[in-house]
Amino acid sequence: MTRVHTDVATADVTAVAGLIREALHSGAVRRMTVPLRQTVEDARGVKYLSMPAVSTDLGLYIAKVATIAHGPGSTVTSVVPVFATSTGALLTVLDGALVTNLKCAAVTAVVTDRCAAPDAAVLGIVGAGVQAWQQYLGVRAVRDIALVRVHSRTPAHAEALCARIRAAGRARALVCASAAEATSGADVVATATTSVDPLPIAADLPAHVHINCMGAHTTTSREVSRELLASATVVVESIETAVAEAGVIHRTALDLEALETGDHPGLAGRPTVFSSTGHAALDLITCAHLARPYR
């Protein structure tokens, strides 16, 4: 397995965000074959996932496969074999965490760049795990964030994330005692938790707020309230996937292609929410970047 480290570099985030935009504008994403995610669960509650995607435009077939077990420690293990469609040859096998982390940061950059106010300077993050850092990287790649406010149920995790942000030297970072404190008045909000209930984020979000909702969503659970989703312009990777995995409230959302290639003057007048469920098309684009040395 190649590139087993899972740290994401800012240059990679920018590069993959550019590739996503190119694929959306060229129609390459639309032309991909991307079946819905397949999940098998055993009697112990361990889940086995498969997310395949094929792109003749990019000349790649991938299948991110993963297991989700119950702790202690990291419970998700995943790998992504990458094949050439021209020959069927296996090019490489990438660490799934690396692919996921880079993909999440890059798609956050793409969506935030289209949705967030141009002068957005305050980022509120709820959650302090791995995906919270990817959210910071993605937003920072497209906006000059001066202040990051972080809340986590585990204060030590919030402080560790803030220390990492401070060490990057681009923004001040403060630990907050509540989700409401972290998000109050924020220009951009990121939720990256395992909560199955809507988070108690601030009620005084500005009209221009953009929210990246990156936690695990289902048809019956989500990190933001149904009322907030109903009042916002909702963005998803794929409407078919979002409806199947996160509910029919997403059927009127903008997908990434519509967001990136369309003219949406109303985005600045109301909140926007990126309700992410993940999509193997973006994993494939990320793999196209990471697998360049093996092609």
Side-chain angles (χ1 to χ4, degrees), residues 17 20-21 23-37 39 51 53 103-104 106-118 120 126 135 138-139 142 183 186-193 195-199 201-283 285:
I20 291 172
R21 290 189 179 100
L24 291 168
H25 280 277
S26 70
V29 170
R30 187 181 346 115
R31 289 188 291 271
M32 289 185 193
T33 300
V34 186
L36 291 175
R37 178 185 352 233
T39 303
M51 297 174 62
K103 179 270 301 279
C104 288
V107 71
T108 290
V110 170
V111 176
T112 302
D113 201 28
R114 287 288 286 166
C115 294
V126 183
Q135 288 307 292
V139 174
V142 296
T183 57
D187 301 305
V188 181
V189 170
T191 60
T193 75
S195 178
V196 297
D197 297 312
L199 298 165
I201 59 178
D204 63 342
L205 296 173
H208 66 263
V209 70
H210 171 62
I211 302 171
N212 291 313
C213 192
M214 304 299 288
H217 308 122
T218 71
T219 55
T220 59
S221 66
R222 57 185 51 85
E223 292 177 304
V224 298
S225 68
R226 177 173 287 271
E227 291 73 22
L228 179 54
L229 280 180
S231 68
T233 298
V234 178
V235 178
V236 297
E237 293 99 336
S238 156
I239 293 175
E240 179 188 17
T241 300
V243 169
E245 297 188 3
V248 295
I249 195 170
H250 295 81
R251 68 183 180 278
T252 58
L254 294 174
D255 66 16
L256 287 182
E257 183 174 343
L259 176 72
E260 180 62 25
T261 64
D263 182 19
H264 305 291
L267 288 179
R270 63 189 302 200
T272 50
V273 176
F274 177 35
S275 183
S276 176
T277 54
H279 198 262
L282 303 179
D283 292 298
I285 294 169

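Count residues from 1 along the sequence.
Nearest approach of A53 to A281, heavy atoms of both residues: CB-N, 4.4 Å. For C115 against H210, the heavy-atom pair with the smallest separation is CB-ND1, 3.4 Å. The two atoms that bring I239 and A253 nearest to each other are CD1-O, 3.3 Å, heavy atoms only. Counting all heavy atoms, side chain and backbone alike, V111 lies closest to F274 at CG1-CB, 3.8 Å. The nearest pair of heavy atoms linking E237 to G278 is OE2-N, 3.1 Å. Of all heavy-atom pairs between A242 and H250, the closest is CB-CB, 3.8 Å.
Atom CG of residue D283 and atom CE of residue M51 lie 5.0 Å apart, to the nearest 0.5 angstrom. Taking CD from Q135 and OG from S276, the interatomic distance works out to 8.0 Å, rounded to the nearest 0.5 Å. Atom CG of L36 is separated from atom OG of S238 by 7.5 Å, given to the nearest 0.5 angstrom.
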Handout entry: Derivation of the side chain to side chain contact (heavy atoms under 4.5 Å, CB included) call for L24 and L259
Key = CA-CA 10 Å; L24 291 168; L259 176 72; over 6 Å; no
Practice task
Report the C-alpha separation of L282 and L256 in whole Å, then their side-chain angles, then the decisive distance to 0.1 Å, and conclude whether the side chain to side chain contact (heavy atoms under 4.5 Å, CB included) test is met.
Solution key: CA-CA 10 Å; L282 303 179; L256 287 182; 4.0 Å; yes
Problem - T272 and R114: CA distance, side-chain angles, deciding distance, side chain to side chain contact (heavy atoms under 4.5 Å, CB included) verdict - result: CA-CA 10 Å; T272 50; R114 287 288 286 166; over 6 Å; no
Exercise for the section: Go through the steps to decide whether V34 and T241 satisfy the test side chain to side chain contact (heavy atoms under 4.5 Å, CB included), and finish with yes or no. Expected result: CA-CA 10 Å; V34 186; T241 300; over 6 Å; no
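In this structure the side chain of T252 never reaches within 4.5 angstrom of the side chain of V234, judged on heavy atoms. Counting only heavy atoms from C-beta outward, the side chains of R21 and D113 approach each other to under 4.5 Å.
Checked by atom type and distance alone, the side chain of R251 never pairs as donor or acceptor with a backbone atom of V243 at under 3.5 Å. No donor-acceptor pair under 3.5 Å is formed between the side chain of T108 and the backbone N or O of V139. Checking side-chain atoms of R31 against main-chain N and O of S26 turns up a donor-acceptor pair under 3.5 Å. Proximity of a side-chain donor or acceptor of E223 to a complementary backbone N or O of L199 within less than 3.5 Å is not detected. Not a single donor-acceptor pair under 3.5 Å links the side chain of T112 to the backbone N or O of A109.
Among T277, T193, V273, the one residue that satisfies the side-chain contact (heavy atoms from CB on, under 4.5 Å) test with C213 is V273. Only one option out of V189, D204, I201 pairs with V209 in a side-chain contact (heavy atoms from CB on, under 4.5 Å); it is V189.
Environment of CD in E257: crowded, with over 12 heavy atoms of neighbouring residues, nucleotides or ligands closer than 6.0 Å.
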